[in-house]
Amino acid sequence: MATADASFGQGHHLHLIDGSAYIFRAYHALPPLTRKSDGLPVGAVAGFCNILFRYLENNKNGDAPTHVAVIFDHSSKTFRNDIYPEYKANRPELPEDLRPQFPLTREATRAFNVSCIETEGYEADDIIATLSCKARDAGGKVTIISSDKDLMQLVGNGVFMLDPMKNREIGPEEVLEKFGVPPERVVDVQALAGDSVDNVPGAPGIGIKTAALLIQEYGDLDTLLERAGEIKQPKRRETLIGHAEQIRISRRLVQLDCDTPLDFTLESLEVRKPDPEALMDFLNQMEFRTLTRRVAESLKVEAPPAPETPAAAAGPETAEPGITALPFDHSAYEWIRDAAALQVWIDEIAEQGYVAIDTETTSLDEMRAELVGISLATRAGRACYIPLAHRQGGGDLFGSSDLVEGQLPIDVALALLKPVLEDAAILKIGQNMKYDWKIFARHGIDVAPIDDTMLMSSALYAGQHLHGMDTLSDRYLGHQPIPIKSLLGSGKAQITFDRVPVEEAVKYAAEDADITLRLWQMLKPRLHRGHVTTVYETLERPLVPVLARMEMAGVQVDRDTLSRMSNAFAQKMAGLEAEIQELAGRSFNVGSPKQLGEILFDELGLPGGSKGKTGAYSTGADVLEDLATEHELPRRVLDWRQLAKLKSTYTDALQDHINPETGRVHTSYSLVGAVTGRLSSTDPNLQNIPVRSEEGRRIREAFVAPKGRVMVTLDYSQIELRILAHIADIPALKQAFKDGIDIHAMTASEMFGVPVEGMEPSIRRQAKAINFGVIYGISGFGLARNLRIPRAEAQGFIDRYFERFPGIKEYMSETVKFAQEKGYVQTLFGRKIHTPEINAKGPGAGFAKRAAINAPIQGTAADIIRRAMVRMPQAINGLDAKMLLQVHDELLFEVAEDAVAPLIDAARAVMEGAAAPAVHLTVPVTVDAGQGTNWAEAH
DNA sequence: GCTCTCACG
DNA sequence: GACGTACGTGAGAGCA
């Protein structure tokens, strides 16, 4: 064995282990595994340690290495991206539970006392190439432990490869077998053939076989390209001449760099025995019990007792969640005052691979909010706050604008954080990340990749509880966060966050990041156990940037149109109000249901007055509708109410939501607003803009496309009924959808035995009500009220419907049974909606049953449009078009005039095919399109 | 803050 | 046998 001061040379044997390949192999070979105490994903680390341990054990005898190192990729960006920006661009995103394990595998390597090498800007392959060259030149032997074909160019002259999977040595002969050329010509072949995995372009239409033939014939690539004109096959000839430059670039991409800068010597890689204490410590910390024991046996030391962690002691969390024992210590949170302090955190984050993050701002409206500070957390209890724009509180009338001491300038802080926030190897964890994503986006930072504890909670617990931070913290951490009100106050005296003293802000903000991190540690591993990882990863998380961009784009709303309508409404209302007072015989507040009830039922003595549980008369639209046959007044009130609604909620309120900077209205979508998976829209709600009444529909005329652009809407036709036909498997309904016939008329025809041709509109209307009723969990009472027919008659319709479509009844009872047994129902895509009330006694059970029947249908429709939205940006990339709004089964776009047709084609294709490939629907899905200068026209 | 009413899918 | 009921949302106004 070599000694430390002897230089590397003859008789020495260097082993180079391709660390990244080991990690991926370990990750994919093993089921997801998390550390018991805190849920940290460690499956790949465990696999990596096992492989490394086995390798070291095997090398105790025989042709043992004298020197060894594990080489890792440093980051995704390398010098090859400068040559060709698209290099490795189509690599799928790293699984999010793998990312945080990268730094841990480095730690593992060091714990085994094996040199761990990575260099910024270079791939592991380049470092392996450089070390191989150096070792070979020094007269030593080299074995590269990897099966990566890109490394085969290094084989020869004492350099071998060892395929760790097959335990097979790869020498020049095996390379010749694989590439048809000797190792030194492998680069030429790869340059021609390209590589779809790494996105190396190569020469189109030329694969390894053809490339090898060409190189065999012409000797090497340069000669081949020089004499390309001599190639007999015309197509090959043209390809090579036409793509010569691309081929040369490809060669530079595949050519490994033997001159990577190294800050260590070959000698320093000498094989060392692991330090038992350090290794045991690491394995124990990872909570790898079996491996710890086996390593202890091998090293002939005693295995330390496995730590009994508080969370592990709390047992399975399914019944009642375990509570983290580590208390919240607000005094431990750090105030970041300068760049040096921030850099310490950034280094720690880079090393760890993940960070919880939260932003503090001056407003809840992300489009107007100013960034005030940022908090970070790396471990439970370890969090900091970076104040950026805190101002002296109180002060004079104008509010002092002096910045508080001890803050980093925003530009400086963001410049330092940007690489972290955009680093593909660092996971950014947030609670409701869409908010923070938008704040950072407004500062030119594209935060990725992300995790969101709120969305995890929704995927896991929809229907059980809400998903706000306070709820989650209380429930899963047993901790009540500092209320924001204690900092800002409430009502008139409320201040903005930039006026909060930094000392207090540190406690509040850092705590939020700390909580988020702990929630992540707790919820993340539960995704797998709850079988909702796919739901989270395909239906929740990817929507964050999609929705954020839609919200930031906003929709143009014409203030003048709204203003004119407001005035017109006000006039009409004044006229109606006078008439109403006249009819009532006295003046009263028409807008007060209480006063109206007294007028109608006490003073005018109209029939049908019924009091609700609060003791007030019910004056809803249906009640007034019935009274309208008896008296003039209710009709007038109905008209007045319609106008009042349109004016207050739409024409007036909407104007206040026009952003002064963009001139547009920016709604905010909630991914967790509805238990079924539907989105909800707030501030303002743009999912309930009137359309059913003629008068109301005109409000959509104010939603306009700018000059030269067009509003385009695409909406799913009868999506929920189609899903019902599929799920309940109703042949007659499915056939009707396949034939494209009017589904309500068909239902009526089946039920009442009348032909579709020349059908009475009232018959069709009744069938339509039944079809909808089914989706909602039909009851005789509900249908009777909706159709204004006797309850017995309604029940008769339902009976006939079930007789005709027995599958529907079966679906309904099966779904309820499923819910009663499991406590939840599911969509076709696996989204779970919990039904905690399903086994309750009393009226609650009725609600829960109907909700359980409806949820899979409404939820599946929601999943389908979510899938379409996730795919949409890619599908319309290159078109001058923006997706602006979603209204449950409709998507609204703003499109350049000349891009309308291709936009409709592309968007329709995505929407109609959105269920595939996860679910194969046995009914066709169709999408209707419309266009116009405003939303009313487009619809 | 709660209730009623009503806008949407 | 009675109980209240269509499913899912958000917002404005009145009233305590």
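Naming: A, B, ... by sequence-line order, numbering from 1 per chain.
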Send over the distance from Leu721(A) CG to dC7(C) P, rounded to a whole Å.
17 Å
What is the distance, rounded to the nearest whole Å, between atom CE of Met812(A) and atom C1' of dC7(C)?
11 Å
Tell me, which pairs form a ring-ring contact (aromatic ring centres under 6.0 Å, His included) where one or both residues lie in residues 813-837 of chain A, sequence neighbours left out?
Phe818(A)-Tyr824(A), Tyr824(A)-His834(A)
Under the side-chain hydrogen bond (donor to acceptor under 3.5 Å, both in side chains) test, residues paired with Glu625(A) that sit two or more places apart
Arg635(A)
Give the rounded distance in Å between these two atoms: NE2 of His888(A) and C1' of dC7(C).
12 Å
Assign a letter to each nucleotide of nucleotides 9-16 of chain C from its 5' end: B, base within under 4.0 Å of a protein heavy atom; S, sugar-phosphate only; -, no contact.
SBBSSSSS
Sugar-phosphate only, base, or nothing, as touched by Gly846(A) at under 4.0 Å among non-hydrogen atoms:
nothing
Have a look at Asn786(A) and say if it touches a base, only the backbone sugar-phosphate, or nothing, with a 4.0 Å heavy-atom cut-off.
base
For Thr926(A), the option from Glu912(A), Arg722(A), Gln718(A) that meets side-chain hydrogen bond (donor to acceptor under 3.5 Å, both in side chains)
Arg722(A)
What contact category does Glu720(A) fall into here, base, sugar-phosphate, or nothing, at under 4.0 angstrom with non-hydrogen atoms?
nothing
Can you see whether Thr471(A) engages His467(A) through a side-chain donor-acceptor pair at a distance of less than 3.5 angstrom?
no
Mind checking ring pair (Phe, Tyr, Trp, His ring centres under 6.0 Å) for Tyr811(A) and listing every partner two or more places apart, or none if nothing turns up?
none
At 4.0 Å (heavy atoms only), tell me whether Ile778(A) reaches a base, stays on the sugar-phosphate, or touches nothing.
base
Pairing residues for Asp602(A) by the salt bridge (charged side-chain N to carboxylate O under 4.0 Å, His left out) criterion, not counting sequence neighbours:
none
Which pairs count as ring-ring contact (aromatic ring centres under 6.0 Å, His included) when at least one residue sits in residues 844-863 of chain A, sequence neighbours excluded?
none
Between which nucleotides of DNA chain B, read 5' to 3', does contact with chain A run, using atoms under 4.0 Å from its heavy atoms?
dT3(B) to dG9(B)
Once you apply a heavy-atom cut-off of 4.0 Å, does Phe847(A) come out as touching a base, just sugar-phosphate, or nothing?
sugar-phosphate
What's Ile689(A) touching, base or sugar-phosphate or nothing? Going by heavy atoms closer than 4.0 Å.
sugar-phosphate
Specify the separation, in whole Å, of atom CD1 of Ile798(A) and atom C1' of dA6(C).
10 Å
Just call it for Arg791(A): base, sugar-phosphate, or nothing, with non-hydrogen atoms closer than 4.0 Å on any strand.
base
Using side-chain hydrogen bond (donor to acceptor under 3.5 Å, both in side chains) as the criterion, list what pairs up with Thr860(A), not counting sequence neighbours.
none
side-chain N/O Arg850(A) vs dC7(C) OP1/OP2, d < 4.0 Å:
yes
Secondary-structure notation, DNA chain C, from Watson-Crick and G-U pairs under 3.5 angstrom (| other strand):
......|||||||||.
side-chain hydrogen bond (donor to acceptor under 3.5 Å, both in side chains) partners for Thr827(A), two or more places apart:
Asp863(A)
Indicate, with a heavy-atom threshold strictly under 4.0 Å, whether Arg692(A) touches base, sugar-phosphate, or nothing.
base
Results of ring pair (Phe, Tyr, Trp, His ring centres under 6.0 Å) for Tyr435(A) - residues two or more places apart only:
none
Around atom CD of Gln571(A), are there more than 12 heavy atoms of other residues, nucleotides or ligands at under 6.0 Å?
no
Partners of Gln858(A) by side-chain hydrogen bond (donor to acceptor under 3.5 Å, both in side chains), sequence neighbours excluded?
Thr676(A), Asn854(A)
If the C1' atom of dA7(B) is compared with that of dG4(C), how far apart are they to the nearest Å?
25 Å
Sugar-phosphate only, base, or nothing, as touched by Ala845(A) at under 4.0 Å among non-hydrogen atoms:
nothing
Provide the distance between the two P atoms, one in dC3(C) and one in dC8(B), to the nearest whole Å.
34 Å
Between CG of Leu721(A) and CG of Asn771(A), what distance do you get to the nearest 0.5 Å?
5.0 Å
Tell me which of Ser779(A) and Ala851(A) sits closer to the 5' end of DNA chain C, going by the nucleotide each one is nearest to.
Ser779(A)
Rounded P spacing from dT5(C) to dC4(B) in Å
11 Å
Tell me what Ala644(A) touches on the nucleic acid: a base, only sugar-phosphate, or nothing, going by heavy atoms under 4.0 Å.
nothing
